[in-house]
Amino acid sequence: VQLQASGGGLVQAGGSLRLSCAASEPASGRMFGRYAMAWFRQAPGQERELVAVIGIGGSSDTSQSVKGRFTVSRDNAKNTVYLQMNSLKPEDTAVYYCAADSLPDWRSRFYLPRNINEYDYWGQGTQVTVSS
């Protein structure tokens, strides 16, 4: 699957942004709904970290640093996953990447992959800059 992230930009602290990640299904025809999706971010000089993940059954989780401010959602009909970011802080400044994990059929619909190595496909990243 190919992923295209968009929606980044420059925003003042306290503002909001919504990131989108559109997926094109591969030739194998595996449906978007069979991919767990996640947002990661990477700030300069830091490792890429998980921000939010949403499973094939719709369950989701966010990292402690963004909990209560960021919300992840998906629209399988549009092959798109979103990250709504509210109350942004300067420390949220990073390149944000969407990623997809093609889950095998035996995986529980409630499973949430949290390890970066579990993800098979990555988008190109979109820059989010929060000014103070």
Side-chain angles (χ1 to χ4, degrees):
V1 62
Q2 293 183 333
L3 305 175
Q4 181 71 39
S6 61
L10 173 64
V11 63
Q12 289 187 335
S16 298
L17 282 174
R18 188 175 83 154
L19 305 183
S20 298
C21 177
S24 60
E25 294 182 354
S28 65
R30 188 172 182 84
M31 296 177 62
F32 176 73
R34 287 300 308 174
Y35 292 88
M37 301 297 296
W39 288 96
F40 288 77
R41 68 184 181 187
Q42 188 168 21
Q46 297 188 19
E47 293 187 352
R48 195 170 297 189
E49 64 172 353
L50 179 66
V51 175
V53 55
I54 186 164
I56 61 176
S59 57
S60 63
D61 196 13
T62 54
S63 66
Q64 195 61 38
S65 62
V66 305
K67 201 169 292 289
R69 300 187 297 121
F70 290 13
T71 303
V72 61
S73 61
R74 66 190 298 162
D75 185 339
N76 289 341
K78 296 182 178 180
N79 289 359
T80 302
V81 63
Y82 304 98
L83 184 67
Q84 178 65 44
M85 306 186 294
N86 299 328
S87 303
L88 283 160
K89 304 176 180 180
E91 50 264 43
D92 295 319
T93 295
V95 177
Y96 284 70
Y97 298 89
C98 60
D101 180 5
S102 176
L103 296 179
D105 293 339
W106 54 264
R107 273 290 188 196
S108 165
R109 61 189 287 105
F110 302 107
Y111 179 69
L112 296 177
R114 291 181 170 85
N115 191 312
I116 192 171
N117 295 319
E118 296 185 81
Y119 287 87
D120 309 298
Y121 306 97
W122 292 84
Q124 85 286 5
T126 184
Q127 176 70 47
V128 172
T129 303
V130 184
S131 62
S132 57

Any chain of hydrophobic side-chain contacts (each under 4.5 Å) joining [X] to [Y]?
X: Ile56; Y: Leu50; answer: no
X: Met37; Y: Phe40; answer: no
X: Val81; Y: Tyr121; answer: yes
X: Val11; Y: Val66; answer: yes

Report yes if the side chains of [X] and [Y] come closer than 4.5 Å at any heavy-atom pair, otherwise no.
X: Leu83; Y: Arg18; answer: no
X: Val53; Y: Val72; answer: no
X: Asp92; Y: Phe70; answer: yes
X: Ser16; Y: Gln84; answer: yes
X: Glu118; Y: Tyr111; answer: yes
X: Leu19; Y: Val128; answer: yes

Audit row: Thr71, Thr62, side chain to side chain contact (heavy atoms under 4.5 Å, CB included) steps and yes/no: CA-CA 7 Å; Thr71 303; Thr62 54; over 6 Å; no

Counting only N and O atoms by type, is there a donor-acceptor contact under 3.5 Å from the side chain of [X] to the main-chain atoms of [Y]?
X: Arg34; Y: Pro104; result: yes
X: Gln124; Y: Ala5; result: yes
X: Arg69; Y: Ser87; result: yes
X: Asp120; Y: Ser102; result: yes

How long is the straight-line distance from [atom2] of [Y] back to [atom1] of [X], given to the nearest 0.5 Å?
X: Arg74; Y: Tyr82; atom1: CZ; atom2: OH; answer: 11.5 Å
X: Cys21; Y: Tyr96; atom1: SG; atom2: OH; answer: 14.5 Å
X: Arg114; Y: Asp101; atom1: CZ; atom2: CG; answer: 12.5 Å
X: Thr126; Y: Arg41; atom1: OG1; atom2: CZ; answer: 14.0 Å
X: Asn76; Y: Met31; atom1: CG; atom2: CE; answer: 7.5 Å
X: Leu112; Y: Leu103; atom1: CG; atom2: CG; answer: 9.5 Å

Considering all heavy atoms, the nearest [X]-[Y] contact:
X: Ala100; Y: Val1; value: CB-CG1, 4.1 Å
X: Tyr119; Y: Ala36; value: CE2-O, 4.0 Å
X: Ser132; Y: Ala13; value: CA-CB, 4.4 Å

Residues, nucleotides or ligands: over 12 heavy atoms within 6.0 Å of Lys78 NZ: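 Atom NZ in Lys78 is not crowded, with 12 or fewer foreign heavy atoms closer than 6.0 Å.
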
Steps toward side chain to side chain contact (heavy atoms under 4.5 Å, CB included) verdict (Val130, Gln12): CA-CA 5 Å; Val130 184; Gln12 289 187 335; over 6 Å; no

Side-chain H-bond candidate by donor/acceptor type, Glu91 with Thr93, under 3.5 Å: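 Checked: Glu91/Thr93 side chains show no N/O donor-acceptor pair below 3.5 Å.
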
Aromatic plane relationship, Tyr97 with Trp122 - under 30° parallel, 30 to 60° tilted, over 60° perpendicular: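 Taking Tyr97 first and then Trp122, their aromatic rings stand perpendicular (interplane angle over 60°).
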
Lys67 vs Asp61, side chain to side chain contact (heavy atoms under 4.5 Å, CB included): CA-CA, chis, key distance, verdict: CA-CA 8 Å; Lys67 201 169 292 289; Asp61 196 13; 3.0 Å; yes

